[in-house]
Each structure stands twice: as structure tokens, then as C-alpha cells.
Number of protein chains: 2
Amino acid sequence: MARTTISEVAKAAGVSVSTVSRALRGLDKVNPSTRKRVEDAAEKLHFSFSKSASSLASGKTMRVGVLLADRISGWFNSHAFEGVYESLSVHGYDVIPYVIWGEDSLDNFFQTLPGNQNVDAVIVFSFDLDDAKKQVLKELTVPVVGLNTPSDDGYDATARIDDDAAMYAPVRLLHSLGHESLAYVEQPETSPFLSSSRIRSQGFVSAARELGYADDKIMTIPAIVYTGMRSQMDAYSGIAAQLVGSPSRPTGVCVENDKVAVALVRELVRVGVRVPEDMSVIGFDDDSRAPILDLTTVHQDPTELGRAAGNKALALMRGEQLADPYSVVPTSLVLRDTTGTAPANE
Amino acid sequence: MARTTISEVAKAAGVSVSTVSRALRGLDKVNPSTRKRVEDAAEKLHFSFSKSASSLASGKTMRVGVLLADRISGWFNSHAFEGVYESLSVHGYDVIPYVIWGEDSLDNFFQTLPGNQNVDAVIVFSFDLDDAKKQVLKELTVPVVGLNTPSDDGYDATARIDDDAAMYAPVRLLHSLGHESLAYVEQPETSPFLSSSRIRSQGFVSAARELGYADDKIMTIPAIVYTGMRSQMDAYSGIAAQLVGSPSRPTGVCVENDKVAVALVRELVRVGVRVPEDMSVIGFDDDSRAPILDLTTVHQDPTELGRAAGNKALALMRGEQLADPYSVVPTSLVLRDTTGTAPANE
DNA sequence: ATGAAAGCGCTAACAG
DNA sequence: CTGTTAGCGCTTTCAT
């Protein structure tokens with residue numbers, strides 16, 4: 001299986017290299033019998049195109065880059081990546097992840113990759129980019145599509161959930177169950193440029209206000225940015241303590257994601273708070289953890305988001321005009337067992 | 001940020017393209033002051049190499065392909081991929097996933113990608129390849145490293161856990177807890193070419209035999225291959241029924257992975273079987289689900305496996321001779337709350 | 001230490 | 001419908 005080149009195929013088939021190129025790429029204007037001959041020769045020689053050579057000559061790389069923060073193995077990222085892969089791989093594109101670990105690697109990415117024709121499009125996951133970087137994006141010659149980016153600014157297209165609107169359903173549920181004091185818990189530690197935290201938190205607050213909660217009945221436990229905690233578990237017991245010890249005595253709490261919600265529920269139970277009898281908890285994501293604890297949560301479909309982003313990139317690469325470049329994938333509340341009517345007043 | 005080429009940099013720096021090439025790649029024999037000038041020019045012009053052009057000229061693609069089955073978002077695959085990425089990306093390699101959905105796409109992969117210089121190495125996850133395909137691998141001109149492949153045959157290097165040996169610890173635990181009848185549960189549905197099922201199951205059986213269990217005290221519930229089930233849940237209730245209804249009355253059960261184990265435990269509890277009082281359950285993986293149910297399980301580290309595979313690929317690409325091409329990453333038993341002493345005889 | 005020149009394997013006009 | 005001719009942007013001898 002040593003490297004076979006197109007010219008060897010040409011020789012074997014008794015035609016010119018350009019004919020081989022045309023035949024194998026399925027272009028028109030090739031005599032069916034010639035094509036057959038070429039295909040046979042190619043097959044026999046185990047020929048396949050060198051992507052590099054094709055890229056160089058054609059200007060299209062058939063590769064799209066996916067920019068994501070922190071880790072590819074997380075629930076959201078891995079599923080969104082999969083969605084992108086699904087939509088693009090069937091069209092012959094390679095999908096290449098670029099994991100950004102910190103401000104440095106972000107800078108580095110912006111410094112290098114986009115400049116030269118190394119990808120035909122880039123898809124950006126959940127980043128909260130500063131203006132300078134948005135500017136760089138705009139200057140890119142390839143399409144840039146955002147996935148759950150905080151705004152559409154700087155992107156040729158985006159696919160996202162409406163984090164803000166998504167928080168209305170859980171808050172409404174809590175309200176209808178009679179909870180008079182609410183709380184929102186952010187993930188203890190997050191990547192610096194991940195965006196959903198803030199927005200979701202804001203959505204929670206505005207939903208609560210809209211439903212008539214006074215500000216002293218709306219508590220927020222923000223992300224801890226510094227890494228002072230001895231362990232993850234300490235963070236959760238700290239949160240549980242804040243929840244229980246708060247003067248506002250929240251009985252209904254929304255959590256930024258299921259990962260944190262599950263850990264929190266376990267911690268609450270450990271310290272004697274019954275869920276949902278004493279406190280209702282609602283997560284976000286509906287990931288694989290949620291059903292295990294029968295966690296009430298906000299369902300979102302990152303794979304679908306990925307597919308949507310991939311399809312937009314595809315259309316853009318083809319030069320098509322998108323009918324709806326900035327689209328929203330809906331979320332839905334999943335009712336399970338961690339929510340119940342508010343406990344009777346003390 | 002329009003495409004800047006090396007020759008523009010050369011012009012700007014007042015040198016030849018070859019000097020730019022040398023300077024920017026950090027080769028020796030470049031006057032420090034010249035290098036500085038080139039670097040400045042490159043930076044100002046936002047220059048970066050075209051990977052395609054470099055590949056074509058040098059013969060090295062700086063890309064490695066990862067072949068994986070089914071989906072990239074699963075716990076094992078996403079973490080193993082991440083490990084590969086970690087080890088390779090810092091050396092400038094792009095890591096490209098190729099997801100294989102069925103026999104067809106496997107054939108297709110083998111037909112095309114390897115032939116021409118599209119990657120510098122390929123890493124294969126968990127595949128059970130037939131001889132024909134192993135033969136193709138052997139003929140590949142690039143290094144091929146396996147990750148959790150059932151055998152080392154056909155690979156230049158592999159990194160794996162010892163599925164067989166890994167099953168000894170849980171079986172020994174069950175034995176020491178006094179369980180007199182055991183069972184092994186495979187994942188209800190799996191990809192056709194995934195390998196761990198069979199091996200793990202075999203390891204379970206031989207461990208049990210070695211510890212003195214008679215064959216009628218060793219039950220195995222194999223994967224259901226056909227898709228007759230109305231839903232996933234039906235599969236689990238079927239398994240629970242088999243476990244409870246079996247004449248051998250197993251009280252200690254090992255499950256192929258945590259995903260299935262967690263679902264099974266929930267189903268058992270639902271039908272009134274107490275865990276661990278009536279039945280002990282041990283999973284495999286120690287994924288994010290395991291701690292939620294306090295599942296006793298066999299811990300494995302796919303990220304580490306991925307890093308190991310990536311590093312081997314790296315060494316091989318450099319032409320180094322590997323001291324230990326076929327290495328084993330250890331697993332360990334994690335004791336939690338789904339295992340206990342066998343119930344008193346009826 | 002630097003430059004000139006010859007490709008790497010393919011695509012893309014342009015002829016015919 | 002098919003062949004010829006130029007490159008794509010870079011690396012790599014080979015000179016100097």
C-alpha cells in the first residue's frame with residue numbers, strides 16, 4: 001500500500017492525469033467507459049487522493065476546525081462535536097478539534113490557524129470573545145459559525161439555545177409549586193471564556209422578577225473563580241451551607257448544570273435536607289446523570305446544535321445565502337422527582 | 001487577514017523564501033539577526049504556514065487519524081480521544097477523528113485514507129478487526145497503534161488495559177463476601193466490532209472458575225444483538241428478570257460497564273431487589289455515573305490510555321524504537337456501596 | 001549563513 | 001470528451 005499517485009493511475013488506465021482527476025471526482029464530461037477504466041485502475045492500485053495536494057491546487061482544504069474550551073470530553077462539547085461531525089463528515093470534510101486551555105492558546109490560535117488556508121470554515125463553541133478577537137474573526141476569509149456563543153456579533157451564522165428564555169420554564173415551575181424564595185447556583189469553577197454561566201444566571205433573575213419575586217427572595221451563588229478549595233466536594237458543601245444558612249431561606253433552586261445539581265443534591269441529602277420535601281432542585285442539560293437521580297432539569301440537545309452549526313458552515317462554504325443564519329434550538333423542561341410543592345411555612 | 005504566503009514574508013524581510021522557511025521552523029544555520037527580522041515580518045503579516053503546502057513538500061502531514069466506533073461522545077471514546085489529543089497537539093499535530101458506523105464505513109476507511117499520505121499515523125480504538133483488515137494495517141506505510149485492541153497483532157504498538165485480568169478483582173471481592181453464585185451482564189447492544197465485551201466476559205468466567213465456582217454457579221447474560229426491544233428500559237427489565245428468575249440465584253453480579261450497571265441497579269430496586277442487601281452489583285469504568293449511585297466498580301483511565309497511545313505514535317513517527325511497544329495500563333477496584341456480604345441462605 | 005531551482009501531487013483553465 | 005500547461009505554497013538539495 002505504498003503511496004500511489006494519480007499519474008500512476010493515469011498510466012495504468014492509459015489516460016492523462018486530468019482525466020483521472022475528473023473521472024474520480026465524478027465530474028461530468030467523462031466518457032463512461034473511460035471512467036470505468038480509471039476507476040478500475042484506481043481501485044486496483046488502492047489509489048486515493050492526497051488531500052494536501054488537492055488542497056494546495058484547489059484552494060479548498062476539505063477540513064473544518066472546531067474551537068472549543070477546556071476539554072473535548074465534557075458532556076456538552078463531546079456531543080456538540082459529534083453533531084458537527086455528523087453533518088460534515090458525510091460531505092467529505094475532516095473535522096479537527098482545537099482545544100483552548102487558556103488565554104494563551106486562544107491568542108495563539110488566532111495568531112496562526114486562520115491566516116493561511118488550513119481550514120475551510122471554523123466553528124466556535126460557547127466562547128465569550130473580546131472585541132479584538134471578534135475583529136479577527138470578521139477578517140477571516142473563511143466562514144465562522146458560532147455554537148452557543150453569547151451573541152451573534154462577529155459570526156457569519158450561529159446556532160444556539162436561548163439561555164435566557166430557557167430559565168423561564170424552571171422558574172415558572174418553582175413559582176407554581178409555591179416556592180416563595182429562590183436561588184440560583186453557578187458551577188463552582190469554569191473556564192474564563194465560557195459564556196453560558198452569566199447568561200443563564202441573568203435569565204433566572206429576570207424570570208423571577210417577572211413572576212413577582214422581590215430581590216431579597218432571589219439569591220445567587222456565583223462561581224468561585226479562585227482555586228482555594230481543597231477538593232470539589234468542599235465547594236459543594238460550601239454551597240449547601242450557603243443555601244441552608246441564607247436568611248432568605250430559599251426552597252427552590254436552579255442549578256447551572258446537571259453535573260453540579262447532582263453533586264449538590266447528594267450533599268444536601270447528606271446534611272439532612274430532603275429533596276424535594278425541604279428543597280426543590282432543578283438542573284440544566286438533561287445529561288446522563290440526570291435520570292439517575294430523577295433530577296428535574298432543563299433539557300437541551302447539543303448534538304442537534306452541532307448538526308445545525310455544521311449545516312450552516314456547509315451552506316456557507318458553498319457560498320449559499322442562509323435564510324436563517326442565526327437560529328435557536330429549543331430547550332424543554334423535564335419534570336422528574338427533585339421538585340415538589342414548597343414546604344409549609346415554619 | 002487575507003492569505004499571506006511565505007514569499008511575502010521573504011520580501012518584507014528582504015531575504016529568500018528558503019531563509020524564511022528555515023528561520024520560522026527554528027532550524028540552525030540562521031543568523032540570529034536575520035531570524036529576528038523574519039520573525040518580525042511574519043508576525044506583522046500574521047503569517048502562518050499552509051499545512052497543505054508543507055505536507056506536500058515535506059511528506060509529513062502533521063496529522064494523525066483516530067479510528068473509533070459508533071460515537072465520539074461516549075465516555076470511553078471521548079476521554080481516550082482527549083488523551084490522544086493532549087499528547088499530540090502539543091507537538092503540533094492535528095488529531096482527526098474518523099467515526100466508523102458500520103462495516104461499510106470501515107471498508108471505506110481502509111480503502112481510502114491509509115493509501116495516500118493523509119496522516120502520519122493512525123490510532124485505532126477498541127476494534128476487533130478481521131484478518132483481512134489486519135493485513136491492510138500491516139501494509140500501511142505509517143505507524144498504526146492500537147488502543148484497547150483485543151490483540152497486538154497487526155499493530156506497531158498498543159496501549160490497553162487487561163480486560164481479562166481486570167475482572168479478577170471484582171470476582172475475588174464477590175467471593176470473599178461469600179457470594180456463592182455469580183452472574184455477568186453484557187451491554188444489551190453494542191457495535192459489531194467493539195472488542196471489550198467478549199474479553200471481559202471471558203475474564204469473568206475464568207476468574208470465577210479459578211476461585212472454585214462450578215459452571216452452574218456462573219451465569220452470563222449476553223448482549224442482545226437484534227433490536228427487538230421497544231426501548232432501552234425493556235432490555236434492563238428483561239435482564240433483571242433473568243437475574244431474579246434464574247435457578248442458580250446469583251447474588252453477585254458483574255456488569256460490563258457502569259452505564260448498564262446503573263440502569264440495572266435502578267431496575268432491580270424498582271422491582272424490589274435491594275442492593276446490596278439482596279444482590280451485589282459491580283460495574284466497570286468508574287465513569288461519572290458511578291459515584292452518583294455509589295457504585296462499586298472497576299476503575300479505568302481512558303485518558304491515560306489515550307496519552308499512552310499518542311506518545312507511542314509520536315515516538316514511532318520519529319522513527320524511534322519503542323522499548324515497550326505493547327503496554328498495559330492498570331485498572332483498580334473501587335469499593336463503594338453496591339456490594340456487601342451475601343444474603344443468608346434462604 | 002543564504003539563495004536558486006526543482007519538485008511534492010494535484011486542479012484548473014485552455015486548447016483541441 | 002480529453003490532453004497540455006501552469007501553477008498552488010512550501011521544503012530541500014545544491015550551490016555559493
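If you're wondering where the values come from, they're calculated on a predicted model, not measured in any experiment.
For dT11(D), neither phosphate oxygen OP1 nor OP2 lies less than 4.0 angstrom from any side-chain nitrogen or oxygen of S58(B). The phosphate of dC1(D) (OP1 or OP2) has no side-chain N or O of R37(A) nearer than 4.0 angstrom. Contact annotation: T19(A) reaches the phosphate of dG3(D) (side-chain N/O to OP1 or OP2, under 4.0 Å). Side-chain nitrogen and oxygen atoms of S16(B) include none within less than 4.0 Å of the OP1 or OP2 phosphate oxygen of dT2(C). OP1 and OP2 of dG9(C) both lie 4.0 Å or more from every side-chain N or O belonging to S50(A).
For K29(A), whose side chain is taken as the heavy atoms from C-beta onward, the closest listed nucleotide among dC10(D), dC8(D), dT2(D) is dT2(D).
Between the side chain of Y98(A) and the backbone N or O of F109(A) there is no donor-acceptor pair closer than 3.5 Å.
Between the CG atom of L24(A) and the P atom of dC10(C) there is a distance of 10 Å, given to the nearest Å. Summarising the geometry, the separation between CD on Q117(B) and P on dG7(C) is reported as 19 Å, rounded to the nearest angstrom. We find that CZ of R25(A) is positioned 13 Å from C1' of dG9(C), with the value rounded to whole Å.
With hydrogens and angles left out, the side-chain atoms of D152(A) and T158(A) include a donor and acceptor closer than 3.5 Å.
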Strand DNA chain C in bracket notation, Watson-Crick/G-U under 3.5 Å with | for pairs to another chain: ||||||||||||||||

